[in-house]
Structures are given as C-alpha cells and as structure tokens.
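Numbers here are sequence positions counted from 1.
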Amino acid sequence: QVQLVESGGGLVQAGDSLRLSCAASGRTFSSLTMGWFRQAPGKERDFVAAITKSGGSTYYADSVRGRFTISRDNAKNTVYLQINSLKPEDTAVYYCAARGGNYPARTRYEYDYWGQGTQVTVSS
C-alpha cells in the first residue's frame, strides 16, 4: 500500500508562486508514475500534470502548461508541483496520485493511490 501526503498549499495572492510537495511511502518510489490533479468546488477532479518513473518525461494539461512544473526527487521519495503566476481560477484542492504502470495517465481512474489533498486559494 502506498501512502501519499501533500503539503505546501495555502492562501496566496494572484501572481504569487507556490511549490506543492507530495511525500510517498510504502513502495519503492521510483516504481511509481506520479500525477497531480485538482478539484475546484462543484467541479470534477481534473488532470494537471504527470511525470514518469525516472522523471525523464513530463506532461501537462493545456490550461497549466508554461506556469506549472512537475518534478520528482527519487532519493527523497517526493514529487513536486511548482506553480507560478497564480490566478484565482487556480483555486482548488490539489491532489497527488500514483500508479504502478508506466504510462503517465491523464484520467483519475487510472491512478491507484491518492493523497488527502492540499488547499490552494488564490485571491485577486
């Protein structure tokens, strides 16, 4: 069983930056493909970014490409999401997810493990 714990969320102003972290345990981290999703109030949980097991390839939703950066440190069992130029529409709960397959999936149903989420609120 994999446990995921997110941190780094908070209340920020538009234009600020945040770095979210997700610490994993329970399985060799480098055997996991990692993803970030977000869910705004009343909306579906949407794909944000994914990264392959080695960290060699990254994938982004069109809505965040250029402002968000996903990365991982396999020595620290941690995946990160750097968010720059935050906008009010980025307000959501951000979830870390993991899957054992190699494909950096973009749908929530393809991920096996989830964190509890971290709230990001952007004021205008």
query = Is there side-chain contact between Trp36 and Glu6, with at least one heavy-atom pair below 4.5 Å?
reply = yes
inquiry  = So which atom in Asn74 and which in Ser30 form the shortest heavy-atom distance, rounded to 0.1 Å?
reply    = ND2-CB, 3.6 Å
Gap between atom OG of Ser85 and atom CZ of Phe68 - 0.5 Å precision = 10.0 Å
inquiry  = If I compare all heavy atoms of Ala105 with all of Ala50, which pair ends up nearest, and what's the gap?
reply    = O-CB, 4.1 Å
key: Gln1 side chain reached by Tyr113 side chain, heavy atoms, under 4.5 Å   = yes
message = Pair Asp90, Arg67 - check side-chain contact (heavy atoms from CB on, under 4.5 Å), show working.
response = CA-CA 11 Å; Asp90 294 321; Arg67 292 192 301 121; 2.8 Å; yes
Test item: side-chain donor near acceptor, Glu89 and Thr91, under 3.5 Å = no
request  = Compute whether any side-chain donor of one residue and acceptor of the other, for Tyr94 and Arg38, lie under 3.5 angstrom apart.
outcome  = yes
ask   = So if you build clusters from Ile, Leu, Val, Met, Phe, Trp, Tyr with side-chain heavy-atom gaps below 4.5 Å, do Val122 and Val48 land together?
value = yes
note = Rounding to 0.5 Å, atoms CZ (Arg45) and CZ (Arg108) come to a distance of 4.5 Å
request  = Please lay out, stage by stage, how Phe47 and Glu44 fare under the test side-chain contact (heavy atoms from CB on, under 4.5 Å).
outcome  = CA-CA 10 Å; Phe47 170 76; Glu44 295 289 318; over 6 Å; no
query = Given the rule that I, L, V, M, F, W and Y join up when any side-chain heavy atoms are under 4.5 Å apart, are Tyr111 and Leu32 in one cluster?
reply = no
inquiry  = Distance to the ring centre below 6.0 angstrom and angle to the axis at most 45 degrees; does that hold for Arg72 and Phe29?
reply    = yes
task = Answer yes if Val120 and Met34 sit in the same cluster of Ile, Leu, Val, Met, Phe, Trp and Tyr residues linked by side chain heavy atoms under 4.5 Å apart, and no otherwise.
result = yes
task = For side-chain contact (heavy atoms from CB on, under 4.5 Å), just list the numbers for Ile51 and Val79, CA-CA rounded to whole Å, side-chain angles, deciding distance to a tenth of an Å, and then say yes or no.
result = CA-CA 9 Å; Ile51 188 166; Val79 62; 4.2 Å; yes
request  = Spell out, yes or no, whether Val93 and Leu18 are grouped together once hydrophobic residues are joined by side-chain heavy atoms under 4.5 Å, including indirect joins.
outcome  = no
query = Closest heavy-atom contact between Tyr60 and Ile70?
reply = OH-N, 2.9 Å
key: Any donor-acceptor pair under 3.5 Å from Thr33 side chain to Gly101 backbone   = yes
query = Between Lys53 and Asn102, which heavy-atom pair has the shortest distance, and what is it?
reply = NZ-OD1, 2.9 Å
request  = Given side-chain contact (heavy atoms from CB on, under 4.5 Å), test Glu110 with Arg99 step by step and report yes or no.
outcome  = CA-CA 7 Å; Glu110 296 179 90; Arg99 65 190 304 268; 4.0 Å; yes
ask   = Centroid-to-centroid, Phe37 to Trp114, below 6.0 Å?
value = yes
ask   = Taking all non-hydrogen atoms of both residues, which atom of Asp112 and which atom of Gly100 are closest, and how far apart?
value = OD2-N, 3.6 Å
query = Rounded to the nearest 0.5 Å, what separation is found between the OG1 atom of Thr52 and the OH atom of Tyr103?
reply = 12.5 Å
request  = Starting at CG of Leu81, measure out to SG of Cys96 and round the result to the nearest 0.5 Å.
outcome  = 9.5 Å
Check: residues 9-17 side-chain donor-acceptor pairs under 3.5 Å, at least two apart:
from, atom 1, to, atom 2, distance (Å)
Asp16, OD2, Gln13, N, 3.0
Ser17, OG, Asn84, OD1, 3.1

ask   = Do Leu20 and Leu86 belong together in a cluster built from hydrophobic side chains that touch within less than 4.5 Å?
value = yes
